[in-house]
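As the structure is a prediction and not an experimental result, all values here were calculated from the model.
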Amino acid sequence: RTTSSEERVAKTVFPASRVTQLEEWIDNFDEQLPPLKNFILPSGGKTAATLHMARSICRRAERRVVPLRREGLVDADVHIYLNRLSDYLFTVARFAAQHEKRKEAIYRRPEN
């Protein structure tokens, strides 16, 4: 007999193929972008900035899932998926900035 905890975890399970699909999309967009040599700040026009905002929300969700994963309350693939989703949103934000011919703001360490 399954416990209620196992039943809840079972509700969070989804195919690992979704993670694989995100990774393929990331690779496809990344091939069309110049190599990233610096940290960039959320920028690149309205579309890119909106995607960067979505990424930050996704990262927040990922941080909240970590303790649930540790306690065995969600399937491990949930955390992996959220991590890859945030990478996808970052890559698509860079692609949107390039497509719209917008400049990305490069992070510069403040001088002391």
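The CG atom of L82 sits 6.5 Å away from the CD atom of E62 when rounded to the nearest 0.5 Å. Here the OG atom belonging to S86 is positioned 4.5 Å from the CZ atom belonging to R59, to the nearest 0.5 angstrom. Atom OG1 of residue T91 and atom CZ of residue R84 lie 8.0 Å apart, to the nearest 0.5 angstrom. Residue Y88 holds its OH atom at 9.5 Å from OH of Y81, rounded to the nearest 0.5 Å.
The shortest non-hydrogen separation linking C58 to L89 is CB-CD1, 4.1 Å.
F95 and F90 are members of different hydrophobic clusters when ILVMFWY side chains are connected at heavy-atom separations under 4.5 Å. Cluster annotation: I80 and V66 are assigned to distinct hydrophobic clusters (Ile/Leu/Val/Met/Phe/Trp/Tyr, side-chain heavy-atom contacts under 4.5 Å, transitive).
Here salt bridge (charged side-chain N to carboxylate O under 4.0 Å, His left out) pairs that include residues 41-50, with residues two or more places apart or in two chains, number zero.
Not counting sequence neighbours, the partners of R69 by the side chain to side chain donor-acceptor pair (under 3.5 Å) test are H79. With sequence neighbours excluded, the residues that form a side chain to side chain contact (heavy atoms under 4.5 Å, CB included) with R60 are I57, R63, R64. Considering only residues two or more places apart in sequence or on other chains, S56 meets the side chain to side chain donor-acceptor pair (under 3.5 Å) condition with none of them. In this structure, R18 has no side chain to side chain donor-acceptor pair (under 3.5 Å) partners at least two apart in sequence or on a different chain.
Looking only at distances, no side-chain donor or acceptor of S43 sits under 3.5 Å from a matching main-chain atom of E104.
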With a cut-off of 3.5 Å and sequence neighbours excluded, list every side-chain donor-acceptor pair involving residues 19-41.
residue: N28; atom: ND2; partner: E24; partner atom: O; Å: 3.3
residue: Q32; atom: NE2; partner: N28; partner atom: O; Å: 3.1

